[in-house]
Amino acid sequence: EQHHSQPGVIYISQCTELGTVYKPEEILALAELAHRYGMYVHMDGARLANACAALNLSLKELTVDCGIDILSFGGTKNGLMLGESVIVFNPALKKEARFVRKQSAQLASKMRYLSCQFTAYLTDDLWLKNARHANRMATLLHEKLRVLPGVHITQKMESNQLFLTMPRPVIDELLKTYFFYFWNEAINEIRFVTSFDTTEKDIEELLQSIKKLL
């Protein structure tokens, strides 16, 4: 329809906003559909490391091998101070990407200070170790939370994000001590996210606080 803007890209987030994970065959199906109609696929990989850890697959197996055209490889949510690496796999898009980067104000001064973090991040699989730890802490928290009366897990847990409901008075008290987000305030659904530096002690202290309030 000439009177409307035309779709050109399918965007997916890996892991998804609900903490679930796309499997390779699912990404392949999306990429094949997009390419059949002359479109591209962009993967927001802010939590891609957690997906690799969850599926026990490499970065290549979840991106290039699945037909992804452009990847935003996340570092901020897995141990870096800040920074994401935009990787253009599709040769046809590489030349234009340099200019888009500049025009969109994403060519930071002192870029080398941002970039050097990825040297450490990619050495000895630090990115994967961090993600595996975060996922493991989420699994531990999930196992302990799901058996508590008054707690209902609302989404399938596949990475380092947990979605659950609890009585509103309990949530309000927890917010005085812990930082977390409401996902759907109308039904008292909240989100807990574990990270590379979450410890078993952190998990136990949170659980004790919840148990006292329930």
Side-chain angles (χ1 to χ4, degrees), residues 1-55 57-78 80 82-112 114-115 117-118 121-122 127 131 154-163 180-191 193:
E1 170 55 65
Q2 62 181 320
H3 299 295
H4 299 278
S5 58
Q6 300 300 297
V9 179
I10 290 179
Y11 161 95
I12 62 173
S13 179
Q14 176 78 307
C15 307
T16 74
E17 291 299 306
L18 293 176
T20 53
V21 175
Y22 284 102
K23 294 180 175 62
E25 56 269 26
E26 295 171 322
I27 303 172
L28 268 169
L30 288 171
E32 288 172 0
L33 175 68
H35 296 155
R36 191 186 315 149
Y37 288 96
M39 299 169 64
Y40 303 110
V41 180
H42 170 250
M43 176 184 284
D44 175 352
R47 302 184 191 276
L48 176 59
N50 300 96
C52 289
L55 296 173
L57 294 173
S58 68
L59 292 169
K60 182 174 180 290
E61 288 173 310
L62 275 184
T63 57
V64 179
D65 292 351
C66 294
I68 296 299
D69 295 294
I70 301 177
L71 166 70
S72 300
F73 180 43
T76 303
K77 294 181 178 179
N78 196 36
L80 271 61
L82 74 163
E84 323 299 324
S85 177
V86 178
I87 305 170
V88 182
F89 298 120
N90 188 327
L93 300 175
K94 290 182 178 180
K95 181 180 178 180
E96 201 66 29
R98 295 190 181 96
F99 298 99
V100 172
R101 177 183 62 171
K102 183 77 172 181
Q103 293 163 356
S104 300
Q106 291 301 309
L107 189 58
S109 299
K110 307 296 183 183
M111 178 67 83
R112 60 188 178 277
L114 298 178
S115 303
Q117 296 175 91
F118 282 92
Y121 192 54
L122 295 169
W127 65 275
T154 57
Q155 305 292 341
K156 187 177 181 181
M157 203 219 74
E158 295 185 336
S159 58
N160 66 323
Q161 301 178 70
L162 285 79
F163 295 80
F180 56 88
Y181 287 109
F182 275 100
W183 188 255
N184 184 345
E185 194 167 1
I187 61 171
N188 297 325
E189 184 182 26
I190 59 175
R191 181 182 72 160
V193 182

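This one's a predicted model, so the numbers in the text were calculated from it and none came from an experiment.
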Considering all heavy atoms of both residues, which atom of [X] and which atom of [Y] are nearest to each other, and what is their separation?
X    : Y   : result
C15  : R47 : SG-O, 3.6 Å
L57  : P24 : CD1-CG, 3.4 Å
S159 : G19 : OG-O, 2.8 Å

Given the rule in the side-chain contact (heavy atoms from CB on, under 4.5 Å) test, do T63 and M43 qualify, once you have shown the distances and angles that lead to the verdict? CA-CA 8 Å; T63 57; M43 176 184 284; 4.0 Å; yes
Separation between [atom1] of [X] and [atom2] of [Y], rounded to the nearest 0.5 Å:
X    : Y    : atom1 : atom2 : result
T20  : Q155 : OG1   : CD    : 7.5 Å
I10  : Y40  : CD1   : OH    : 13.0 Å
E84  : D44  : CD    : CG    : 8.0 Å
R191 : F182 : CZ    : CZ    : 13.5 Å
K156 : L18  : NZ    : CG    : 12.5 Å
S72  : I87  : OG    : CD1   : 9.0 Å

Tell me whether [X] contacts the main-chain N or O of [Y] through its side chain, where contact means a donor paired with an acceptor under 3.5 Å.
X    : Y    : result
D69  : V41  : yes
E189 : F163 : no
Q6   : H4   : yes
E32  : A29  : no
T76  : G83  : yes
E158 : V21  : yes
S85  : F73  : no

Below 4.5 Å, heavy atoms only, C-beta onward: do L114 and L82 meet side chain to side chain?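 Yes - at least one pair of side-chain heavy atoms lies under 4.5 Å apart.
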Mind checking whether P7 and M39 have side chains closer than 4.5 Å, heavy atoms only?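 Yes, their side chains come closer than 4.5 Å.
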Could you check whether atom OH of Y11 has more than 12 heavy atoms from other residues, nucleotides or ligands sitting under 6.0 Å from it?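 Counting neighbours around OH of Y11, more than 12 heavy atoms of other residues, nucleotides or ligands fall under 6.0 Å, so yes.
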For E25, look at atom CD and say whether over 12 heavy atoms of other residues, nucleotides or ligands are found less than 6.0 Å away.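 Counting other residues, nucleotides and ligands, CD of E25 exceeds 12 neighbours.
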Take N78 and Y121, measure what side-chain contact (heavy atoms from CB on, under 4.5 Å) needs, and give me the verdict at the end. CA-CA 9 Å; N78 196 36; Y121 192 54; 2.8 Å; yes
Does the side-chain contact (heavy atoms from CB on, under 4.5 Å) test come out yes or no for Y22 and L62, once each step is laid out? CA-CA 9 Å; Y22 284 102; L62 275 184; over 6 Å; no
For a side chain to side chain contact (heavy atoms under 4.5 Å, CB included) with Q14, tell me which candidate from N50, I27, I68 qualifies.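 Output: one option passes, namely I27.
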Tell me, with the steps shown, if W127 and L59 meet side-chain contact (heavy atoms from CB on, under 4.5 Å). CA-CA 10 Å; W127 65 275; L59 292 169; 3.6 Å; yes
